Each structure stands twice: as C-alpha cells, then as structure tokens.
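Just so it is clear, the model here is predicted, and its values are computed rather than measured. Within every chain, numbering begins at 1; the chains are lettered A, B, ... in the order of the sequence lines, protein sequences first and strands thereafter.
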Number of protein chains: 2
Amino acid sequence: MARLADVSASTASRALNPAHSHPVNPATRKRVLEATSKLNYQPNLMARGLRSRRLPTISVIVHDITDAYFAEIVRGAADEANRNSFLTFVCSSRRDPAVELRYVEMLRLSGVSAVLFAAGGLLDRAYQRAMKKQVEAIQEYGGSVVALAPRVERWPTEVCDNRGGAQLMTEHLLRLGHHRIAFITGPPQVRTSHEREAGYVLAMKAAGHDPLVAPGDFTEPGGEQATARLLDSRAGFTALFISNDTMALGALSELRKRKVEVPRDLSLGVFGDIPAWGYTTPRLTAIRIGLAEIGVAGVRRALAILQGQDSSPRVRVHPVSLVERDSTAPLRRTAAALA
Amino acid sequence: MARLADVSASTASRALNPAHSHPVNPATRKRVLEATSKLNYQPNLMARGLRSRRLPTISVIVHDITDAYFAEIVRGAADEANRNSFLTFVCSSRRDPAVELRYVEMLRLSGVSAVLFAAGGLLDRAYQRAMKKQVEAIQEYGGSVVALAPRVERWPTEVCDNRGGAQLMTEHLLRLGHHRIAFITGPPQVRTSHEREAGYVLAMKAAGHDPLVAPGDFTEPGGEQATARLLDSRAGFTALFISNDTMALGALSELRKRKVEVPRDLSLGVFGDIPAWGYTTPRLTAIRIGLAEIGVAGVRRALAILQGQDSSPRVRVHPVSLVERDSTAPLRRTAAALA
DNA sequence: GATCCGAGGGAAACCGATTTCCGGAAAACG
DNA sequence: CGTTTTCCGGAAATCGGTTTCCCTCGGATC
C-alpha cells in the first residue's frame, strides 16, 4: 500500500475523500496529501469501483457516430465529461434495438455512472420493457440516465425545441411567399418526428394552408425515396421542408438526379444544421441545433443527479435558430415547375 | 455469492474460465453453467478487473470526433469491439498534447485493455517522453497499444497507403494532362504529411515535372489560407491536390469565394474520401481510405496482442483507391486561368 | 473526581472475482 | 498391498481501495 509511506492506513482514504463525516486532523491530512504528491499516488479505479459499484465513466448512445448530428453531441458530452475526469463510452447502435440493449447491459456490468440516450426510444413494447429493466438496474447501483431527445420514458431530458424549430422554418418559408410547402417527416416510432411535424402543421394551419406530409424514416435512402415520391405525386409544392439532416442528403441526391434546381425550382429547408450545408450547392437553409451544448448539458445533468443535487425541471428545452443560406428564396423567383 | 446457489464456491470461476490449467469435472462444470444461466449470473467486471488489472474496454484517441475521417475509424473500431464484448472509449483530443496525455493517463487508471491512436504522434519531445511513459505503464499491466496512422514510436500499426495514394492521385491528374499540379501538405510534425507529400513528389519527378508544395496544417482555416496563398502567388497551376479532407473543406470555401470554378478553372483532388464529397458541387475526386476497416483491423490486432497471438508484421498497410468524380477534368478543358 | 462526549486514528470487514495452496480420493504403478 | 501420481474441489489469500467498528485521549460537565 503506497500510502504506508507516510504513517496511516485507512486514514488516508478519509483524508483524500473529505466528503464523509469522519473528521481528519488538518495536519494529518496535509501529510497525506504531501505523500500522495510525492509518490505520485493515484487510486486504483477498479478497486474503488468495486466498493462504490460504479466507475467514473459516462456513455452516450447514438444511432451512428459518423452522422454529424450525433458526432457533435458526443463531442460536447465527451469534452464535458473529460473536464470532470470522467471517461466517455460511445455506443453506435445502428438503430438496432438488440444492439442497443446489449450495449446498455455491458454498460451496466462495467459500472457506468451515467448513460445518455442521444436518440428517441423506440416505441416497441418488448424493447421498452427490456430497456426499463436495464435502466432500473443501473439506477439501483446509483447510476443516472438522461435522455437527449424526447423519449417515452420519464427520464430527465435535454432536448432541442423541435416544435418551435419546425414552426420557425415553416414560417420562414411562408414569409417568402410559399404556401404549398411539403414536409418529409420522420419515423412514427420516434417522438421527434411527431414534435417536428406538429410544429410544421401548426404553422401551416395558423397561416390557413393545408399541410402536406410525406412519410420518411430519418435515413438517407428514405429521404431519397420520399423526395422521389413527392415529386412523382405532382402535388404542386414550391417548397420542401425536410425534418432531418440525413434525409436531406438523400433528397439532395434525388434533386440533383432530376435536375431540380434549388432554389429556382424549389426552396429547400432542413431541420438540423451540419457543417456540410455550408459546402453543398446551394448552401442549405437549416434549423441550427446547439448539439454540443445539449451534450454538455446532458453530462452536467447526469453528474448533478449523481451528486443528488439536480434541481432542473425534468425536461429542459434548448432553443434552436434559423440559419438562412441560399436554398430558400422568395416564391416569385421560384418557378412552380412542380405544379 | 450468487454461485453458492448450486454447490461450489471458487470452482465456479474455474468452470467459467476454462482457459486455466486447473481441471474441472465436466459434470460439475455443467451444473455451474446451468446455475449461471438460471440465476442469470453475470460476473462483476470491476472485481474481475481488480485482479486482472484491466477491464474489457478499448479506447480510440482521435483529434476530433466530428471529423468524418475519424468518426469512421471510431465506428469500425467500436463495432468490432462490441462484437468482442468490449466497450469503447472515445477521446477527442483537439490536437492538444496536454489533453491527449491526460486522456491516456485516465485510460491507464481505468485499466483500459487497449489504446488505439488514430492520429499521428506529435514530434514534440516532451510529449513523446510523457506518452512513452504512459504507454509503458499500460503495457506493464498487460494492455496493448496500436497506431492507426504512422507514428514515430515502434508500435504495431495499421495504416493506409499514404504514399501510394498520393501517387495515385498525382498520376491521375498527370494522366489528365496536368503537369502544373500544386500540393497542399500537412503539418511537418506529422508523419502522414511527409508520406503523402513524398508520394506526390515521387510521381511528379517520375513524370519529369517540378513539384509545387504549399504548407498546410490539416485544419479547415489552414486549407483556406493555403489555397488563398497559392492563388495569390500566381504560380500558374492547373490542378490542386489537397492532402486531407478537412483542408479541402477550407479550400472549397476559398475557391467559392473567389469564384474559381472547379473543374473548369482548376482540377481538384483530395486525399481522403468523406460522404460530403458526394454532395458538394462539383462532387470531388478523392482517394478513398477504408477507414472503418482500419478501425476494425486495429481492434483485431489489439485483441490478438492481448492474447499473445499477434503474428502480423508490425506495420500493416491498407490499400487505398481513387474515386473519380467531377472535380478533375482533362487539361484541355481547364483554362489556365491561374497562370 | 467520575462520567460523558467528540475528535481522530487504527484494525478489520468488505466489495466479488481470481488464484494460489492444500488435502482427500481415486487411479496408476511397482 | 503400499506408494505415487492425477484429478478435483474447498479454504483462504489477494487485488486496492472504502467503510464500519472500536479504541484512546483530552476536554467538558456535573
């Protein structure tokens, strides 16, 4: 035991963890601290974890780490975790419930202190039940759970203003004179889809226009297909609002393939701003989400819960903003080529 | 002890870890396995780690997880780790040596089994010394270290063919009739820079042309500045080869700002293929690196070392390929507008 | 002066698995 | 039949901290 170096044995632990009630003589404490720095002593985290049931690690569960959306969340979370001497696991689940459950089980076994779910939970009943069980086991040993997107479970949540953001974009397009605005929504199992769709519908109805919602699934091929079907339907829209970045990539391919020129033939808005939007042609108008901040907030929240001092409301909504670029233009300049 | 459920005590450990030499009666072993599955027994990883000095975790150290290049490596590594029941730490170091050292120290304290360095080491002496010490400490407890890019240290390495890829792109441009090809290189502290530059220079000299190398630093603003300086220099080049994806993003901004049209005014090639290149205008010709495969190979190598059965050569070079898109065109169609 | 109380420190239990060490029983051998 | 292996299982040590339990000592109280 490295600590024998100075004098005491278990007293060292008390000196180094002043959180507990047992008093330690300041002089003794000083000696201990000197010894630790002299010996460059560092506690064995696994030994500590064996007693305390958890390790100073957090985890972020995302669908796909190569998706710029999730990567930014992970960066924010990992940075904040690092600042608090926590390490960060990253779990890329590919939207596979089985993989996700397996991840969470491994996390539990490894004594993770907090799990951040960066994507909406699936509405699947079996998944929900199994996940609830895992999460309860984690909470049993003192771990905390935070959602970074709306989920069905009643977890503490850090989320961006999906409804407000969708309203913002819709109103922007309306203000440009568009009133036939199509919307590609997300998968129905995910709350985010409904929230964004609701914002869009709300803004449309408030302006006295009929919403035109096309089903989508938040994936790139899904966005491609949804765009194709919309164009084929000849529904006669002059603006297209796509409810996430990944689908927008697919839409861009499809529009390029069909030689639909943006914004001349069609104004295009996206929920979710990723760096790539600054390099596409045209550069895309998008709803900017402070993803890194959400990641940071998630870790802060998780750590606060760990210390039993979280006073935030259960759901905290982070504001979003409209980033206007070149893909949205006034209706007069938009040929109704698709009517 | 959950295992008391059937009969034995420490025998269970032997039954569950047949790797060791102590024999176990097959019948007993069967009873133990039945009990474990009945009780849904799962070993406490921290207790196990306390003895074995390490946890079934790996870590990937990258400069920036939001960079598509690194994200793809991490995805490959995390998937492969998951398949082997290992969890994956991700460390986004922002190219800060202090952050990186701190990460590695935390990893060591947490008993990480393997560390994968996804970026070239800095040539800084103090950094090198400190890192060497950390890594030796990790190896002392049986952890392994793998480099996923050329580094100065003599670690097992999985790397893409930097020199060959640079030759490939250069030869592609030469074949199109270009001979005044500029090259934006990377920071001199990084081996990758030198390797790619060497490939470019080799191909140019082999063709009897003078290389034109502009300094860069692998960052986006760096790419912007390097491009600007090249254009200002009126060096009269008709093609530009940028040695990594991030700088290419900066270059795109600069070219767009100056209304240099690609490939009409300038052919553009990039080392490093990222999804965004399919959505830019024009779509960029790039050297494709199998980054996910490199991540997978890194984990495989690390696990093999852990089990003392790594028979690979120290440095394994992964092939790259040329993805031809719209940003490179024959010289005849390229106005020497920049001459 | 006896009792009580709190400060402060040490010994030992504990977390849960792995790994010696050891011993009994069966098998192999002379 | 005695002796030496071999097989197999249990008791106990170990990993390195944290926490409980207990003890001592000095000061305060009655």
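- Proximity note for A/Arg14 (side chain, C-beta onward) versus C/dA7, D/dT20, C/dA17: the nearest is D/dT20.
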Name the atoms and distances for all side-chain donor-acceptor pairs under 3.5 Å in residues 24-33 of chain A, with sequence neighbours left out.
residue: A/Asn25; atom: OD1; partner: A/Ala27; partner atom: N; Å: 2.8
residue: A/Arg29; atom: NE; partner: A/Ala15; partner atom: O; Å: 2.9
residue: A/Lys30; atom: NZ; partner: A/Glu34; partner atom: OE2; Å: 3.2

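- The separation between A/Arg51 atom CZ and C/dC14 atom P is 9 Å, rounded to whole Å.
- Between A/Thr11 and C/dG9, a side-chain N or O to OP1/OP2 separation shorter than 4.0 Å is absent.
- For C/dT18, the OP1/OP2 oxygens have a side-chain nitrogen or oxygen of B/Asn17 closer than 4.0 Å.
- Rounded to whole Å, the distance from CG on A/Leu16 to P on D/dT19 is 12 Å.
- B/Arg53 comes within 4.0 angstrom of the backbone, heavy atoms only, and of no base.
- Put simply, OH on B/Tyr141 is 14 Å from P on D/dG16, counting in whole angstrom units.
- For the pair B/Met46 CE and C/dC14 C1', the computed distance is 14 Å after rounding to whole Å.
- Between A/Leu50 atom CG and D/dC15 atom C1' the separation is 9 Å, expressed in whole Å.
- An OP1 or OP2 oxygen of C/dC15 is reached within less than 4.0 angstrom by no side-chain nitrogen or oxygen of B/Asn44.
- Side-chain nitrogen and oxygen atoms of B/Tyr41 include at least one within less than 4.0 Å of the OP1 or OP2 phosphate oxygen of C/dA17.
- Distance A/Arg54 CZ to C/dG16 P: 15 Å, rounded to the nearest Å.
- Taking a cutoff of 4.0 Å between a charged side-chain nitrogen and a carboxylate oxygen, B/Glu153 and B/Lys132 do not qualify as a salt bridge.
- In this structure, B/Asn25 atom CG and D/dG10 atom P are separated by 11 Å, rounded to whole Å.
- If you find the closest nucleotide of DNA chain D to B/Val24 and to A/His20, the one lying nearer the 5' end belongs to B/Val24.
- Judged by distance alone with a 3.5 Å cut-off, no donor-acceptor contact links the side chain of B/Arg48 to the base of D/dT14.
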Step-by-step side chain to side chain donor-acceptor pair (under 3.5 Å) determination, B/Arg102 to A/Ser85 = CA-CA 9 Å; B/Arg102 198 173 131 65; A/Ser85 297; 3.2 Å; yes

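- Remark: the A/Ser10 side chain and the C/dA11 base include a donor-acceptor N/O pair separated by less than 3.5 Å.
- Between B/Phe117 and B/Trp155, the angle of the ring planes lies from 30° to 60°, which puts this pair in the tilted group.
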Candidate pair A/Arg83 and A/Glu80, rule salt bridge (Lys or Arg N to Asp or Glu O under 4.0 Å), full reasoning = CA-CA 5 Å; A/Arg83 280 191 283 274; A/Glu80 181 65 15; 2.8 Å; yes

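- Note on B/Thr28: only backbone sugar-phosphate atoms sit closer than 4.0 angstrom, heavy atoms only; bases stay farther off.
- Put simply, B/His22 does not rest on the base of C/dT19: the two rings are not both less than 5.5 Å apart at their centres and under 30° in tilt.
- For the pair A/Leu55 CG and D/dG17 P, the interatomic distance rounds to 13 Å; values are reported in whole Å.
- Contact between the side-chain N/O atoms of A/Ser52 and the OP1/OP2 oxygens of D/dT18 is not found at any separation under 4.0 Å.
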